[in-house]
*Asks:* 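Structure below; questions to follow.
Computed from heavy atoms alone, side chains included, the values below leave out hydrogens, waters and symmetry copies. For clarity, every value in this text was computed on a predicted model and none was experimentally measured.
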Amino acid sequence: MAASSNSSLSGSSLSSDPEDYQPPIWKSYLYQLQQEAPRPKRITCPHEMESRPKYYGREFHGVISREFADDLLAGAEGAYLIRESQRQPGTHTLALRFGSHTLNYRLFYDGKHFVGEKRFESVHDLVTDALITLYIENKAAEYIAKMTTNPIYEHLGYTSLLKDKMVHRLSRGRTEPRRVTFQRDERISSPLVRRSALKDTPEKQCSYEKIHNFKVHTFRGPHWCEYCANFMWGLIAQGVRCSDCGLNVHKQCSKLVPSDCQPDLRRIKKVFSCDLTTLVKAHNTTRPMVVDMCIREIELRGMKSEGLYRVSGFSEHVEDVRLAFDRDGEKADISASAYADINIIAGALKLYLRDLPIPVITFDLYTKFIQAAKIPDADMRLEAIHEGLLHLPPAHYETLRYLMAHLKRVTMFEKDNLMNSENLGIVFGPTLMQPPEQNALTTLNDMRQQKLVVQLIIEHEDVLF
């Protein structure tokens, strides 16, 4: 068995260039077992059954006992039939012969056939998959239990190389969060003077980690796990695939894969409503291009626009901008020749931030920021807000830092645009932070604190970031 587990179906060569990467040695033992698994043998009923449901074939035998079903299947490994329960009329049982025993499963149909999580187009496919699974788990239980102990995932190859390149790209030009202490000194009365008393302490470097977005997947043709290099057995739903980067692994291996997803742009179907970290990793940027492009356009021609961010742009044109970003990405045209009204661009930026599946100030930190806003002491309140900022995921931190610096610049034109930090807090509070339970009453009760959090971050952005 040990020799079989190390046999290869494809060669392997390791390269320092991801473009020349070739897969490692795939382990064929489980593939060989699947080839050896018993084949399904349908035991047909010699009589036409009037009570037979239309979604079953001649394998349906009507109401028969377990003992009679056992006799019909005896001696034929992989033989199966369907019977109606004697104790519960109208319910059906799949009787399957495996390992010299008859196994009985409650059989369901809701447009597809199933006895567990997997759903099949036909009973024959269900039985085929069941025999493969039973055979492999019976023959290789110990092997399966240990197959994750020597993964190939961290071996030199495309995964580690792409990860190193990604970290390098993101680290360039990126400002690390600063941990600051708001010191109380009774002799210092002016907030402007108090800033000079802040102390900086080093903050550990953090990387743009992203967990994989695994979903159950049916692979056509033989596939091997990219974590443990073992075959993914079964007829359907053999494993899981990351919908962001395309990594294919066993379901049990997915729990051990590091949070190092590198999204593939070909798999990112849209820009709006896409997870913030997923988007920046897919584009190798520190912030979403929507934020950069919209702010750049607003600062170019809209800083003196009265009611900037408060006045709404025409909704259909805002929707056009959203579609342009989803379709063209960073090539979207949001210039004055395309959208003369700057409120359309401002509206698109607010829509992007509002539609994020996880807000810029994340759900898990929402309560921390709301509680910080309720602290009566001004210095302690800022200290608590700063502490919350340090817990934001890197992509969220960078996006918020860039946005707040922009909004601070907006307030410098208050005489023209009539937008001070309080007005901007009212606009962006519910956009940047939302309660995790999405409760309208909670949002209403927290509006004052939401506004205050954003207002204070704008006013003190040079200290807090």
*Asks:* Apply side-chain hydrogen bond (donor to acceptor under 3.5 Å, both in side chains) to the pair Asp320 and Tyr339, showing each step before the final yes or no.
*Replies:* CA-CA 10 Å; Asp320 287 343; Tyr339 303 99; 4.9 Å; no
*Asks:* Name the residue from Ile43, Leu131, Asp70, Leu103 that meets the side-chain contact (heavy atoms from CB on, under 4.5 Å) definition with Arg97.
*Replies:*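 When side-chain contact (heavy atoms from CB on, under 4.5 Å) is applied between Arg97 and each of Ile43, Leu131, Asp70, Leu103, only Asp70 qualifies.
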*Asks:* Mind jotting down which residue pairs meet the ring-ring contact (aromatic ring centres under 6.0 Å, His included) criterion with at least one end in residues 76-105? Sequence neighbours excluded, please.
*Replies:*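 Pairs touching residues 76-105 that pass the test: Tyr56-His92, Phe60-His92.
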*Asks:* If you count heavy atoms of other groups shown closer than 6.0 angstrom to CD of Glu142, is the number above 12?
*Replies:* no
*Asks:* Any salt bridge between Arg322 and Asp355, counting N to O under 4.0 Å?
*Replies:*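 No, Arg322 and Asp355 are not salt-bridged.
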*Asks:* If you take the centroid of each ring, where Trp contributes its six-membered ring, are His406 and Tyr309 closer together than 6.0 Å?
*Replies:* yes
*Asks:* We want to know whether Ser28 and Gln32 form a side-chain donor-acceptor pair, criterion being a heavy-atom distance below 3.5 angstrom.
*Replies:* yes
*Asks:* Among residues two or more places apart or on two chains, list those pairs meeting ring-ring contact (aromatic ring centres under 6.0 Å, His included) that have a residue in residues 239-268.
*Replies:* Trp233-His250
*Asks:* Tell me, yes or no, whether the heavy-atom count around Arg119 atom CZ, taken from other residues, nucleotides or ligands under 6.0 Å, exceeds 12.
*Replies:* yes
*Asks:* Just checking Lys251: does its NZ atom have more than 12 heavy atoms from other residues, nucleotides or ligands closer to it than 6.0 angstrom?
*Replies:* no
*Asks:* If you draw a 6.0 Å radius around CE in Met447, do more than 12 non-hydrogen atoms from other residues or ligands fall strictly inside?
*Replies:* no
*Asks:* Which label fits His317 and Phe314: parallel for a plane angle under 30°, tilted from 30 to 60°, or perpendicular past 60°?
*Replies:*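 Perpendicular.
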